[in-house]
6 protein chains.
Amino acid sequence: MKRQDGREQFQIRPMEIKTEVSAFAEGSAQVTLGKTVVFITASVEQKVPAFLKGTGQGWVTAEYSMLPRATRERTSREQARSGRSLEIQRLIGRAMRACVDLSQLGERTITLDCDVLQADGGTRTAAITGSWVAMVEALRWMKRIGLLNSIPLLEQVGAISVGILNDEVLLDLTFEEDSAARVDLNLAMTEKGKIVEIQGTGEGGPFSREELTALIDAGWKGIQEIFKIQRNALKLR
Amino acid sequence: MKRQDGREQFQIRPMEIKTEVSAFAEGSAQVTLGKTVVFITASVEQKVPAFLKGTGQGWVTAEYSMLPRATRERTSREQARSGRSLEIQRLIGRAMRACVDLSQLGERTITLDCDVLQADGGTRTAAITGSWVAMVEALRWMKRIGLLNSIPLLEQVGAISVGILNDEVLLDLTFEEDSAARVDLNLAMTEKGKIVEIQGTGEGGPFSREELTALIDAGWKGIQEIFKIQRNALKLR
Amino acid sequence: MKRQDGREQFQIRPMEIKTEVSAFAEGSAQVTLGKTVVFITASVEQKVPAFLKGTGQGWVTAEYSMLPRATRERTSREQARSGRSLEIQRLIGRAMRACVDLSQLGERTITLDCDVLQADGGTRTAAITGSWVAMVEALRWMKRIGLLNSIPLLEQVGAISVGILNDEVLLDLTFEEDSAARVDLNLAMTEKGKIVEIQGTGEGGPFSREELTALIDAGWKGIQEIFKIQRNALKLR
Amino acid sequence: MKRQDGREQFQIRPMEIKTEVSAFAEGSAQVTLGKTVVFITASVEQKVPAFLKGTGQGWVTAEYSMLPRATRERTSREQARSGRSLEIQRLIGRAMRACVDLSQLGERTITLDCDVLQADGGTRTAAITGSWVAMVEALRWMKRIGLLNSIPLLEQVGAISVGILNDEVLLDLTFEEDSAARVDLNLAMTEKGKIVEIQGTGEGGPFSREELTALIDAGWKGIQEIFKIQRNALKLR
Amino acid sequence: MKRQDGREQFQIRPMEIKTEVSAFAEGSAQVTLGKTVVFITASVEQKVPAFLKGTGQGWVTAEYSMLPRATRERTSREQARSGRSLEIQRLIGRAMRACVDLSQLGERTITLDCDVLQADGGTRTAAITGSWVAMVEALRWMKRIGLLNSIPLLEQVGAISVGILNDEVLLDLTFEEDSAARVDLNLAMTEKGKIVEIQGTGEGGPFSREELTALIDAGWKGIQEIFKIQRNALKLR
Amino acid sequence: MKRQDGREQFQIRPMEIKTEVSAFAEGSAQVTLGKTVVFITASVEQKVPAFLKGTGQGWVTAEYSMLPRATRERTSREQARSGRSLEIQRLIGRAMRACVDLSQLGERTITLDCDVLQADGGTRTAAITGSWVAMVEALRWMKRIGLLNSIPLLEQVGAISVGILNDEVLLDLTFEEDSAARVDLNLAMTEKGKIVEIQGTGEGGPFSREELTALIDAGWKGIQEIFKIQRNALKLR
């Protein structure tokens, strides 16, 4: 059974990652995934949170926000900085910290600002996918100007959403599919097939462990495609 | 190898759930899990969020907060309502909505206020475990006074944290264990062994799918014990 | 004429003070007065407000808040930090500062966090009564670990509410009595019968100086009972 | 022993009340008490708080604020709306409600905005004294345009501060005297010598019941003078 | 004398306006002016501010914000919604209202969200220029779906910044030029050469009326070029 | 044709500037312009914004606010600190900085607090006019106590509003005239007839360059009168 936009069950939407989209940021990327568009900058600053001062260790953090009219209906700027945004930016930050050796950064913070220009489902995973690219750009810049001897990257991380709709596992849900899905799961994984972040909710009804396996299988399929797009964007390999 | 507090690898801390801890709320519960203490009230109100008005459907939501000195060091009241709190209360709300038939509630909202009196790891899962008990109490009250004909409960839900520390899966982490863990996973499951919410982070390094399986196995072991404690608290069966 | 809950005119509700109710705070107390329950922690921190820096003197301050469902109807968390809360916490702070020799504390702050779990009138005076106990516990802790040579306590302070309802002076008003009272007076006094704080309002009509005398007489009767309960809680004398 | 500004122990500072100081407000007054200056407007609006809707009853409320440079040092506008301000405006509101028959007002609110242009002690009592004048002006306006048949004034209310400095009771403390005082008491009373609001603090040490009596005696002396100044301002009698 | 980027004194930077840059908004435009990039959506909503309810008249308003890393250094999201932003969005709103017949809109609001992706001087005038284009798109959409019979556009409006640097009038200042300029003037004008908004500041020293004339002459030169770019973007004429 | 209040087309309302209106501020002025009344204090503080630290240079800034009942209808205190206020205070700050040699101030900030007691049009220009007087007073104080050797004043600055109503240029608009005007222009100029700040809006329809000339001519006429009133207030010449 075909999906509304003609995709197969385990097919992601057309995805594009552009780099160097900001003239000023140390790293940047714009991710397009179907109608979802996220603009990401990576800023390197000579400061760390209070709890890291004097440790010689660095930090990676993220902020996530939606433009008021990223959505079908306009939402106010206050709402656009809601609990949902805070939940998502914490998720992005954790995923990024998992793939960098913070002890090699020096007392510096990389801030990933993920601003959603257009939202049609999958914004948080697109933000993770693009943040990884922008962060690599920023690390390269740090090496180029001599702040780092080597790039302290532990893992490549990509992310995608999966869900269960009408008892069928679907890869990369649109907003409309997501709204009707029984289960919604966001997955960030590394090249070696390990999990960095898993966040699944059966708000429309719980899901079995077999369903969990099927969801991760589907997600992993999508993330492998995403790895290629990330590498192309970065001209890696 | 024994844990610092003498527990086995897959042993939860002593847990107690008291009900009727509030003289005014329609339902209430106080959950003690080792040194973690969460005070929960369930409030029934004749109102629903704007998007449900006129649908005849109800809503369940949650708020989570920590008292300033729930922690080893005092934190300010502003910090106690941080992004972390918002992330957690969204998680609790989703888990509770998954186990109630909202269409049977009428246009009413049940608000679960989870206030942490003492925090030593596992506060969010203790809040879910206790919220389920307080919500059942509130639903019973609604039936008792005639607002409901039957109790629209779809599932029993319990929750626990698991993690990986020194490459060993541990059940029910204390704050100290959690701080040192490579992987931290929160799990809410139903009686039938289905998953309501899974939220895992490899902030200290990613985890394999085999590790995920071991984590869920451990969590399920703990949640089955929790089910008994919930049922005893509610004098069920 | 008996009161609604069967009490005599000058009888306080059953009162209990538990200490060591927090595993982490330097001092703590939970005060139960009828259906009113206040949870109090005393936190000792190595800092003082800006205006005391360099003076060698310490500070005592208080914060007061109500859980959303402490009351018969749920109030939002925003409302729970209203002008009323700020007025009350200033009162508690002043009363506590009046009974400690701040110059003996060193540049340290004791913060009394008074969180109302259940509110049925008299929360501010119960908070003062319990804050004194929690503060003594914290001072004892400071002496025990060597921060103080002796305990710089100037006074024992207890507090109670009194009021005039149907032209009759009543001791320790419930929420219901308080709502109908013409006059409402909160009183904090020392062992020697001196006044630390007096705050009386004739919102339902002014009161004469004779009535003021009768109110203080009644309050002093109640506070003397409270002194015994405080001393028992602290195993004093 | 003379006071620093040459006054006797029981002498208030030169006081002046100007009315009609606002071209737009329904009532207004500017109170000068030594160097303390408070600008007050009374606004009549066709609305009541939610809890009064449909009761036919009116409401009186107050807001209190200080201009940033009312004080010797500039304070920021944020600080100028602090807990202290909220405590004071609640006090003013209660005192004003005590002297009006709210059931005669209709569903209308009188808001007394008390903005301190210059602060040298006694701002809250000057605000009460002037609010009473501005409120009478507003009630007269309501009668004049036909909103009221008669003026529903129950009491004349004046207020002053008293304190104990060097074991001596003083009337109407300046900022400097207040800072050094052991006891600080604010008193609002009616023509018949009844008390509307009493708020006393022994922050520098508790005070005896005899001292309380002496403080009220002194305050009453000052308030009787204030009554004359209020009546002159309003051309009463 | 050539400018740092090689431009002539009265030459604007390369400018591009893309339309239909949002999949969801009723109108949209992205303006690039040198390194300055502003993303603009026009949202049509069936509501008006309180003061217009029942008048049958519509409203046009604007919001302006900068992404945190639009600038050379990252600024926090809080700072990005500063007084400067509020000043600018009021300017944009006024300019847009001046060129629409609000009485023809019906009780609807067009909100122009101007989000600066990259900032290198001239963001407020680029926002006006692009807002006009996005608004025309939204008006065309309103006509297309039958909300309007004709497009109630009174004027074409374009805007540019001018300034005086080293006593020389310059057109379209970069951030660097703007920082060093003695005079900074923003100008929005109509096709007929009339002024919609003029806002000039001699923060580095006042300017003569002759200088004002020269500034407007230069601005008008630039705005005439902008008109062509706007018309091309809209395929007008 | 006479104006509603009997004035000629190019006549300003009766204006009065009182100095030394604050007992504590280093400089102060109260400006009355018809029914508009602005109370201004100039505070000198030994601090500068972060970007000036270590430069030896000073700063001048302004804050603008309206009392809640400065207007015909009461506005809430929150509204009184709106975007409009922020826009205006930025304008005042820029105008004041343009007439002082900041490099001569030392690392000090002069803050001009402009609080509108009564608002009937022209509040922002009255605030500029009075801020200049209060600032001169503060500079004189700085010289008197030895903080300055000479008064680093570059210019005298006065300000007024002009507008076009029924196609007629009017000087110094009242609130009522302003509400109906097609064009509204605020002008701050120096003794030599140079412009410090010009801010004009054709919200009711654009204006021609000839109209701009006529508006500035009218404004300059009014500002020359204001210079005299400023000088008299300061007993200059």
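In what follows, every chain begins at residue 1, and chains take the letters A, B, ... in the order their sequences are listed.
- Separating the CD1 atom in F:I40 from the CG atom in D:L67 is a distance of 12.0 Å, to the nearest 0.5 Å.
- D:E45 touches chain F through its side chain: at least one heavy atom from C-beta onward sits under 4.5 Å away, while N, CA, C and O do not.
- Looking at heavy atoms from C-beta onward, D:R77 lies in side-chain contact with F:D113 at the 4.5 angstrom threshold.
- The greatest number of non-hydrogen atom pairs below 4.5 Å with chain D, out of F:V37, F:D120, F:T71, is found for F:T71.
- Atom CD of D:E176 sits in a sparse spot, with 12 or fewer heavy atoms from other residues, nucleotides or ligands closer than 6.0 Å.
- The shortest side-chain heavy-atom distance between D:D115 and F:P68 falls under the 4.5 Å cut-off.
- The stretch residues 25-57 of chain F participates, sequence neighbours left out, in these ring-ring contact (aromatic ring centres under 6.0 Å, His included) pairs: F:F51-F:W59.
- Within a 6.0 Å sphere centred on CZ of D:F175, other residues, nucleotides and ligands contribute 12 heavy atoms or fewer.
- Counting non-hydrogen atoms of other residues, nucleotides and ligands closer than 6.0 Å to CD of D:E107 gives a total above 12.
- Taking CZ of D:R74 as the reference point, atom CD of F:E63 lies at 4.5 Å (rounded to 0.5 Å).
- D:S43 touches chain F through backbone and side chain together, each having a heavy atom under 4.5 Å away.
- By a heavy-atom distance cut of under 4.5 Å, D:V21, D:S22, D:A23, D:F24, D:A25, D:E26 are the residues of residues 17-34 of chain D near chain F, going up by number.
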